[in-house]
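Below: the structure, in C-alpha cells.
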Amino acid sequence: MSDSQDAPAEANHPHSAEHAIIEARRAKAERIRARGDNPFANDVAARAAGCVTCDIAEVRALAASAEQGGRYATDQVEAVAAGKTLHVRGRVVALRSTGGLSFIRLRDRTGELQLLLSEEKMGAEYTRLHDLDLGDFLEAEGALTASKRGELSIEPLRIRIITKALRPPPEKWHGLQDVEARYRQRYVDLVANPAVADVFRARSLIVRATRKALDDTGFLEVETPTMHTLIGGAAAKPFVTHHNALDMQLFMRIAPELYLKRLVVGGLERVYEIGRNYRNEGISTRHNPEFTMLEFYWAYATYETLMDFTEQLLRSIDAALASAMPGPHATWTKARSFALDEPFARVAMNDAVAAAAGKTGIAAWVAPALHGGGAGLVNLLRDDFTGSMKEWSKSSARAKQIDWSNFRKGMARCDNDGERLFACYEYLSEPFLTEDYRAADGARSLPVFIKDYPFETSPLARRNDARPELVDRFELFVHGRELCNAFSELNDPDDQAARFRDQVDKKSRGAEETMDFDEDYVRALEHGMPPAAGFGMGMDRLCMMLTSQASIRDVILFPLMRQRAE
RNA sequence: GGGCUGAUAGCUCAGUCGGUAGAGCUGCGGACUUUUAAUCCGUAGGUCGCGGGUUCGAGUCCCGCUCGGCCCA
C-alpha cells in the first residue's frame with residue numbers, strides 16, 4: 001500500500017509545458033466556437049450536393065486503376081474520378097505547410113490518405129487551418145487528384161475540424177516508446193504505434209478463425225459461469241469475492257472445465273467456450289491475472305484425435321491470418337523461431353526424460369535411462385540424489401545448465417514416482433525442448449506434444465487402458481512455451497470421487513493449489529458422460545506466438561498494472 | 001519474493017571527473033504553392049520520479065521509497 005501524498009497533477013501545474021500546450025489547443029477550440037462551429041461536432045454528413053462519403057480504403061479502391069508502382073498520375077486519377085466530390089473523415093496524423101499549399105495525412109480505420117489544400121482553390125476556407133492541430137479529427141470534401149510526387153490526394157474545397165484534440169500526440173517519428181505509458185494509456189499507443197494496432201487486429205482474426213474451425217467441426221459455443229462456488233478445473237489460486245444478497249463466498253473461475261463436461265453429460269457432445277479466466281498468481285511476460293482461454297470437449301474423440309486436430313487448427317488459424325493481413329504476417333513469420341508447417345513431434349514423457357537424461361552425459365544415468373526410460377532414472381534419483389548432485393552437475397555443458405537446486409527441492413517435495421517423473425521432465429527436458437526438437441531445416445524448433453503424463457499429476461484425466469499409472473494426456477509446447485493442455489476425460493464417477501478425495505487430502509496437508517470436492521460434478525458423471533477428450537489453449541499465448549510478441553502484455557489491450565499515485 | 005536495470009521538457013533522447021540543465025520533435029511568432037520525419041529564421045518550455053544523506057556545491061555519489069522493464073522463483 002502506498003501512503004504517498006497526492007502529487008500535483010502535472011497537467012494542471014500552471015507553469016508546465018504540457019499545460020501551455022493544452023491551453024493553446026483550448027484557445028483554438030474557442031476560436032472555432034466563436035466562428036459558429038462546434039469543436040466537438042456531431043453533424044458530420046456530407047454537405048455539398050452529390051458529395052459521397054467514403055472510407056479511405058474506398059477512395060483508394062476508386063483510384064486503383066490509376067496506380068502504378070505506388071504512384072498515381074494526376075491526369076489518370078482525375079479521369080477515373082471525374083465529376084465526383086468525395087467526403088472523408090479521420091484523424092490528422094501529419095501536417096505540413098509550404099505557405100499557400102498545405103498537406104495533411106488523414107487516417108481512418110481503413111487507411112491513410114493525403115489532403116492537398118490550396119489557398120488559391122479554397123479561398124477563405126483555407127484560414128481554418130490556423131485552428132488545426134495534429135491529432136484533431138477533420139472532415140474534407142473535394143475532388144480526387146494526385147500530387148506532383150504521385151501521391152493520391154483529395155483537394156478539398158471545404159474542410160471542418162470535427163473534434164479538437166486537447167492533448168498533443170507523441171513524437172511523430174519514434175512514437176510512444178515508454179513501455180509503462182504504452183500499457184497505461186493504450187489509446188495513445190494505438191494511435192502512435194500502428195504496429196500495435198495490427199497486433200490487436202490479428203488477435204480479433206485469431207479468435208474468429210478459432211471459432212470458425214470449431215463451428216465447422218460441429219461444435220456448439222456456450223457460456224458457463226465465471227463465478228464459482230467451488231475451486232475446480234485446474235491447479236491454481238483463485239480470486240475470492242462475495243455476493244451480498246446471497247451472503248455467499250464466490251471464486252472467480254480458474255477454468256470452465258467442470259461446467260463444460262456437465263454439458264457433455266447433457267448431450268451437447270461437442271462444446272466450446274472462449275472466455276476469461278482468473279488466477280491469483282504472479283505477473284510475468286507469460287502471465288496476466290486475467291487471461292483468455294479456449295476449452296472444448298469432444299465426445300467419442302480421444303487425445304490422439306486431438307493431437308491431429310490441434311496441428312490442423314493452428315495451421316488454419318495461421319493461414320487465416322496470412323490471408324487477411326499479408327504484410328504484418330510476413331513480418332511476424334520472419335521473426336518466428338519455430339516451424340508450423342511440418343508434423344509436430346510427439347514424445348511420451350517417459351521417453352522425453354530418458355532422452356534428456358542421455359544428453360546430459362552423466363555416466364550413472366545412462367544405463368537406467370536406457371533400460372528403464374524416465375522411470376529408470378526416477379528409481380535411481382529416489383535413492384541417490386543429494387550425494388551425487390555436485391559431481392553430476394559438472395558432467396557436461398548440458399548438465400551445467402540444469403537448475404539443480406530447484407530440481408533437488410522439487411524432487412524432495414514429491415510423494416510418489418509419478419510426481420518424480422514429472423519433476424524430472426520439468427528440470428531435465430522442458431528447458432531444452434527447443435534445442436532437442438528441431439524442424440527439418442535445422443534452423444527452427446519443432447512444436448512438440450509431450451504425452452502420457454503420470455496419473456498423479458492429472459486429477460481429471462482418464463487413465464491409459466494398458467498402463468494405468470499413466471493418463472491419456474498431452475501438452476503442446478511451441479518453442480519451449482506451453483500452449484495447450486488436453487486429455488481423454490475421466491468419466492468413471494467412482495474414480496473421479498477418489499481423485500477429488502485425494503485433492504482434499506493434499507489440501508489438508510498444506511498444498512495450496514488443489515481442487516475442491518465437487519459433488520454435483522460426480523453426480524453428473526453418475527448420469528453418464530460419453531467417452532470424450534477435452535482441450536485447453538491460452539488464446540493470449542497463441543496471439544503472442546503468431547504475432548511474435550515477447551510479452552503477454554503486448555497482446556492484452558489493458559494489462560493489469562500496479563496503481564499509481566497521480 | 002530475489003538478482004540485474006531504468007525514471008531528465010508534452011514526446012524521443014544526450015548530460016564526461018560532482019562545478020551555470022541540453023538537442024530534436026511538438027508548441028508559439030514569421031517566410032515559403034507540390035510536401036512525404038518538408039525546409040529556413042526567431043521564441044517559449046524543467047519539482048532532473050519521491051524523501052533523506054554526504055559535500056562549499058548533487059541530474060551525477062550514498063541510503064530508503066514509488067512506479068516500470070528483463071531474468072529467476
Side-chain angles (χ1 to χ4, degrees), chain A residues 1-28 70-74 92-107 112-123 126 129-136 145-153 155 165-185 188-189 191-193 281-287 401-410 413 426-427 431 550-554 559-566:
Chain A
M1 287 296 261
S2 160
D3 60 353
S4 64
Q5 296 163 8
D6 289 347
E10 278 166 45
N12 298 329
H13 195 274
H15 302 300
S16 78
E18 188 176 19
H19 177 81
I21 289 169
I22 290 171
E23 283 313 304
R25 285 173 174 247
R26 234 185 258 286
K28 289 179 191 173
R71 290 174 63 103
Y72 295 78
T74 308
V92 174
V93 294
L95 176 56
R96 288 179 286 275
S97 176
T98 64
L101 198 66
S102 294
F103 302 87
I104 287 171
R105 196 160 76 239
L106 201 67
R107 179 192 294 167
E112 296 183 355
L113 183 70
Q114 179 165 277
L115 305 180
L116 195 165
L117 301 101
S118 156
E119 184 167 25
E120 190 188 352
K121 291 228 165 141
M122 294 179 73
Y126 193 78
L129 279 176
H130 297 150
D131 300 327
L132 184 68
D133 287 302
L134 280 174
D136 290 353
T145 185
S147 72
K148 273 188 184 164
R149 298 282 183 89
E151 173 134 2
L152 186 65
S153 307
E155 194 168 31
L166 294 181
R167 288 177 182 269
E171 213 257 359
K172 64 185 167 189
W173 189 239
H174 300 92
L176 183 64
Q177 297 296 319
D178 184 282
V179 181
E180 187 178 349
R182 287 187 43 227
Y183 296 150
R184 289 188 192 274
Q185 300 179 40
V188 182
D189 188 31
V191 175
N193 303 319
E281 294 163 1
I283 293 177
S284 78
T285 47
R286 290 183 296 283
H287 300 88
Q401 291 177 58
I402 292 166
D403 182 354
W404 289 96
S405 98
N406 283 312
F407 184 20
R408 181 176 58 79
K409 285 181 206 156
R413 274 197 299 270
E426 225 179 338
Y427 290 98
S551 169
I552 199 168
R553 291 182 211 100
D554 294 324
L560 185 68
M561 304 287 278
R562 214 180 285 269
Q563 270 192 310
R564 190 166 209 193
E566 295 251 10

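From a predicted model like this one, the values you see are computed outputs, not experimental measurements. We name chains A, B, ... by the order of the sequence lines, and we start the count at 1 in each one.
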Do NZ/NE/NH1/NH2 and the carboxylate oxygens of Asp131(A) and Lys28(A) come within less than 4.0 Å? no
Using side-chain contact (heavy atoms from CB on, under 4.5 Å), reason through Asp554(A) and Arg182(A) one step at a time and then give a plain yes or no. CA-CA 10 Å; Asp554(A) 294 324; Arg182(A) 287 187 43 227; 3.7 Å; yes
Measure the OG-CG distance between Ser102(A) and Leu115(A) for me, rounded to the nearest 0.5 Å. 10.5 Å
Please report the interatomic distance CG(Leu152(A)) to CZ(Arg71(A)), rounded to the nearest 0.5 Å. 12.5 Å
What distance, rounded to whole Å, do you find between the two P atoms, one in G19(B) and one in G57(B)? 14 Å
Just to confirm, is there a sub-4.0 Å distance from OP1 or OP2 of U35(B) to any side-chain nitrogen or oxygen of Arg96(A)? no
Looking at Arg149(A), I'd like to know whether one of its side-chain N or O atoms comes within less than 4.0 Å of OP1 or OP2 on U35(B). yes
Under a 3.5 Å cutoff, is there a donor and acceptor pairing between the side chains of His174(A) and Glu171(A)? yes
Leu106(A) vs Val93(A), test: side-chain contact (heavy atoms from CB on, under 4.5 Å). Steps then yes/no. CA-CA 6 Å; Leu106(A) 201 67; Val93(A) 294; over 6 Å; no
Which of these nucleotides, U34(B), C72(B), C70(B), is closest to any side-chain atom of Ser551(A)? C70(B)
Give the dot-bracket string for RNA chain B, reading 5' to 3', where a pair is Watson-Crick or G-U wobble with both distances under 3.5 Å, ( ) marks pairs inside the strand, [ ] marks pairs crossing earlier ones, | marks a partner on another strand, and . marks unpaired. (((((((..((((.....[..)))).(((((.......))))).....(((((..]....)))))))))))).
Span that lies between the P atom of G3(B) and that of G59(B), in whole angstrom: 28 Å
Taking only side-chain N and O atoms of Arg553(A), does any of them lie within less than 4.0 angstrom of OP1 or OP2 on G69(B)? yes
Counting the atoms with a prime plus P, OP1 and OP2 as sugar-phosphate, which does Ser97(A) contact under 4.0 Å by heavy atoms, base, sugar-phosphate, or nothing? base
Considering only heavy atoms and no angle criterion, is a donor-acceptor pair shorter than 3.5 Å present between the side chain of Ser147(A) and the base of U35(B)? yes
When you measure from the side chain of His174(A), which nucleotide among A38(B), U12(B), C72(B) comes out closest? U12(B)
Residue-phosphate contact under 4.0 Å: Lys172(A) side-chain N/O, U26(B) OP1/OP2: yes
Between CZ of Arg182(A) and C1' of C11(B) the distance, given in whole Å, is 14 Å
Using the C1' atom in both, what is the distance from G52(B) to A9(B), to the nearest Å? 26 Å
To the nearest angstrom, the CG-C1' distance between Leu176(A) and G68(B) comes to 13 Å
Nearest-angstrom distance, C1' atom, A23(B) to G15(B): 11 Å
Tell me: CD of Glu171(A) to C1' of C25(B), nearest whole Å? 4 Å
Compare the minimum distances between each of A38(B), G27(B), C11(B) and the side chain of Ile21(A), then state the nucleotide with the smallest one. G27(B)
Could you check whether the side chain of Glu151(A) and the base of U34(B) have a donor-acceptor pair of N or O atoms closer than 3.5 Å, going by distance alone? no
NA contact type, Lys28(A), heavy-atom cut-off 4.0 Å: base, sugar-phosphate, or nothing? sugar-phosphate
When rounded to whole Å, the CD1 to P distance for the pair Ile283(A) and C67(B) reads 12 Å
After noting the C-alpha distance and the side-chain angles of Glu151(A) and Leu116(A), does the key distance pass the side-chain contact (heavy atoms from CB on, under 4.5 Å) rule? CA-CA 10 Å; Glu151(A) 173 134 2; Leu116(A) 195 165; over 6 Å; no
Which of U34(B), C71(B), U33(B) is nearest the side chain of Glu120(A)? It is U33(B)
By the definition side-chain hydrogen bond (donor to acceptor under 3.5 Å, both in side chains), identify the one residue from His287(A), Arg286(A), Glu281(A) that meets it with Ser284(A). His287(A)
Take the protein atom CE of Met561(A) and the nucleotide atom C1' of U66(B), then report the distance between them rounded to whole Å. 13 Å
On RNA chain B, does the nearest nucleotide to Val179(A) precede the nearest nucleotide to Gln114(A) from the 5' side, or the other way round? Give the residue. Gln114(A)
Quick check on C17(B): syn or anti? Syn means the glycosidic torsion is within 90 degrees of zero. syn
Drop me the distance from Asp178(A)'s CG to Tyr183(A)'s OH, to the nearest 0.5 angstrom. 10.5 Å
C1' gap between G64(B) and C70(B), integer Å: 24 Å
Gly175(A) near the nucleic acid: base, sugar-phosphate alone, or nothing, with a heavy-atom cut-off under 4.0 Å? sugar-phosphate
For a quick test of reading the model, state the closest non-hydrogen atom pair linking Pro559(A) to Arg553(A) and the distance between them. CB-CG, 3.6 Å
Can you check the Arg25(A) CZ to G45(B) C1' distance for me, whole Å? 15 Å
In whole Å, measure the gap between the C1' atoms of C61(B) and G18(B) for me. 8 Å
Report the nucleotide, chosen from U34(B), G27(B), C71(B), that has the shortest atom-to-atom distance to any side-chain atom of Asp133(A). G27(B)
For U20(B) versus U60(B), give the span between their P atoms, rounded off to a whole number of Å. 14 Å
5'-most contact on RNA chain B (nearest-nucleotide basis), Ala24(A) vs Ser118(A), goes to Ala24(A)
Of C72(B), G69(B), A9(B), the nucleotide closest to the side chain of Ala17(A) is A9(B)
Quick check on G68(B): is either OP1 or OP2 less than 4.0 Å from any side-chain nitrogen or oxygen of Arg562(A)? yes
For atom OH of Tyr126(A) and atom P of C32(B), their distance in whole Å: 11 Å
Please state the P separation for the pair G46(B) and U8(B) - nearest whole angstrom. 15 Å
Side-chain N or O of Arg184(A) versus OP1/OP2 of G68(B): is the shortest distance under 4.0 Å? yes
note: His19(A), atom NE2; G46(B), atom C1'; distance rounded to Å ~ 16 Å
